[in-house]
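See below for the structure under consideration.
All ligand and atom numbering here is 1-based and tracks the order in the structure.
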Amino acid sequence: MPAVDPTLAPGADDDIVHLKPPAPPEAFAHRQLKQGEFWQHVPAYREVPTETFLDHIWQGRNSIQTPDKLLETIQDLAPPAFIEDLREGFLRAPMSVRISPYMIANIDWSNPVADPIRTQFLPLGSRLRPDHPGLKLDSLHEQADAPTPGLTHRYPDKALFLPLDICPVYCRFCTRSYAVGMNTEEVEKVQLSPSPSRWAKAFRYIASRPELEDIVISGGDTYQLSAKNLRLIGETLLDMPNVRRMRFATKGPAVLPMKILTDHDWFQALVDIVTKGRELGKDVMLHTHFNHPNEITWITEQAMLRLFKAGVFVRNQTVLQRGVNDDAATMGLLLKRLAYLNVHPYYVYMHDMVKGVEDLRTTIQTGLDLEKTLRGTTAGFNTPTFICDAPGGGGKRDIHSYEFYDRENGIAAYTAPSVKPGQVFLYYDPIEALSEDAQARWRDPATADALIADAIRQATT
Ligand SMILES: *Cc1c(COP(=O)(O)O)cnc(C)c1O
Ligand code: SF4
């Protein structure tokens, strides 16, 4: 222990006038992380020691993709009615299901219906709502802006590269449900399998566009790339003189933090690319995706510390979801907890307009209110920008920058002068959040069309 300066001990100097009352206990909640072998309350993990639970291969092998496997794992932790509800949800969901033992262990099984982690990963039939009439499957038009499969070039100087279509888990709310995960009863997917020949085409495109300085490598998920392929992609891009900035996007730290502690080849490949980038004067970062403070435990803390010490800096992107993180206390705790682990909260996204997840979406007004409450609670660089990724390919817009917002009928209209000049992009609040009268208007297609036409007119005059 370093010696503590006695003049800094509490109460050592009574000349100080405290204008602020002492911070209440809840001001420190972000420092209280789940400790110990917290997974052992799950019947299938009762005998699992720390060493096994931290093994990323064990986590992958024991991830859950079917209701039967879930039942086998949790046994009597959840009532039979919950399992039935889940079977119905699995059948009707557009996304395949995959959840890691780490996430299973972080669900509060005394109330799984309300649990924020259950809500994100395990669909319940009883919670499904009809889609909004404005919903589409590839709502961001990633395919329409793709010069070659798996590469989206929408913005002037940056591009999104999707080397593969698999993830360590599958999130119900995934924007890329058009491609990510296996085909389901509801959706046949576009194939984006890891393929060096497809990648070579994407690399040739990036090299042929000198204005491209910033490449986002997403997926799927870069966690699922082998160390060899991670190096191949990283080094190929770093060797291009035009590429100055790269981000590897992965849900991994939120759902499988132990990989950073136990997959040494993958960790080293990432560190080597970041280090090589630094030597070349190029910025390589990790972007991750935490949505709720319960996703962060002592294992996350150790993983983030390992990355930080190795010089890998991490930013976070959160998806705003009803019943998960749409209140200021939860979102505020998430931001403080991330900051405590040196992860910078970068964006909070409005939930994309994807199929089968109306129960998760919330209103633009909720986003506006949350932002107002949270700004000022902590450092500006730990205060995320609230974003609406405009459906139809307008790209990311600050939610405050709408041209027009009809709160009564739940229509926000955005323009994107530097991305798609002259176009209007609409985001719809979920129907359930509207008044009875407004809900009735949406039920009548002619009235709905008139509402939409009016929003476009108001946004452009
Ligand atoms: C999100 C995204 C980017 C990166 O945007 P930033 O605002 O810089 O984070 C790049 N290309 C596409 C297609 C994207 O969706
Ligand atoms: S990890 Fe990302 S890409 Fe994969 S399912 Fe979740 S949101 Fe989609």
Take a 6.0 Å sphere around CD of Gln35 and say whether it holds more than 12 heavy atoms from other residues, nucleotides or ligands.
yes

Between Phe203 and Phe161, does the ring centre distance come in under 6.0 Å?
yes

Would you please indicate yes or no on a ring centroid separation below 6.0 angstrom for Phe308 and His344?
no

How close does the nearest protein non-hydrogen atom get to atom 15 (O) of ligand 1, and which residue and atom is it?
Lys396 NZ, 3.1 Å

Among His153, Arg245, Arg154, Arg247, whose heavy atom sits nearest atom 8 (O) of ligand 1?
Arg247

Run the numbers for me: atoms of ligand 1, each under 4.0 Å from some heavy atom of Thr152, listed by number.
13 (C)

Please write down residue, atom name and distance for the protein heavy atom closest to atom 6 (P) of ligand 1.
Lys158 NZ, 3.2 Å

Any N or O of Tyr346 closer than 3.5 Å to N or O of ligand 1:
yes

Donor + acceptor pair across side chains of Gln365, Arg407 (<3.5 Å):
yes

For the 3.5 Å polar cut-off, considering only N or O atoms, please tell me whether Tyr349 and ligand 1 meet it.
no

Check Arg231 with Asp272, please: is the shortest side-chain N to carboxylate O separation under 4.0 Å?
yes

Is the centre of the Trp58 ring less than 6.0 Å from the centre of the Tyr45 ring?
yes

Cys174 N/O/S atom closer than 2.8 Å to atom 4 (Fe) of ligand 2
no

Between Glu358 and His132, is any side-chain donor less than 3.5 angstrom from a side-chain acceptor?
no

Considering heavy atoms of the protein only, find what lies nearest to atom 4 (Fe) of ligand 2 and give residue, atom and distance to 0.1 Å.
Cys167 SG, 2.2 Å

For ligand 1, which atoms, with element, lie under 4.0 Å from some heavy atom of Leu160?
11 (N), 12 (C), 13 (C)

Please say whether the positively charged group of Arg397, taken as NZ for Lys or CZ for Arg, lies over the ring of Tyr414, i.e. under 6.0 angstrom from the six-membered ring centre and within 45 degrees of the axis.
no

Please write down residue, atom name and distance for the protein heavy atom closest to atom 12 (C) of ligand 1.
Tyr155 CE1, 3.6 Å

Does the Lys NZ or Arg CZ of Arg361 fall within the cation-pi geometry relative to Tyr427 - under 6.0 Å from the ring centre and within 45° of the axis?
yes

Counting heavy atoms only, which of Ala254, Gly220, Gly252, Ser96 is nearest atom 3 (S) of ligand 2?
Gly220

Can you tell me if Cys171 has an N, O or S atom under 2.8 Å away from atom 6 (Fe) of ligand 2?
yes

What protein heavy atom sits nearest atom 1 (S) of ligand 2, and how far away is it?
Lys251 CB, 3.4 Å

Tell me: protein heavy atom nearest atom 7 (O) of ligand 1, and distance?
Tyr347 OH, 2.6 Å

Applying a heavy-atom cut-off of 4.0 Å, say which part of His287 lies close to ligand 1: side chain, backbone, both or neither.
neither

If you draw the axis of the six-membered ring of Tyr223, does the NZ or CZ of Lys259 fall within 45° of it and under 6.0 Å from the ring centre?
yes

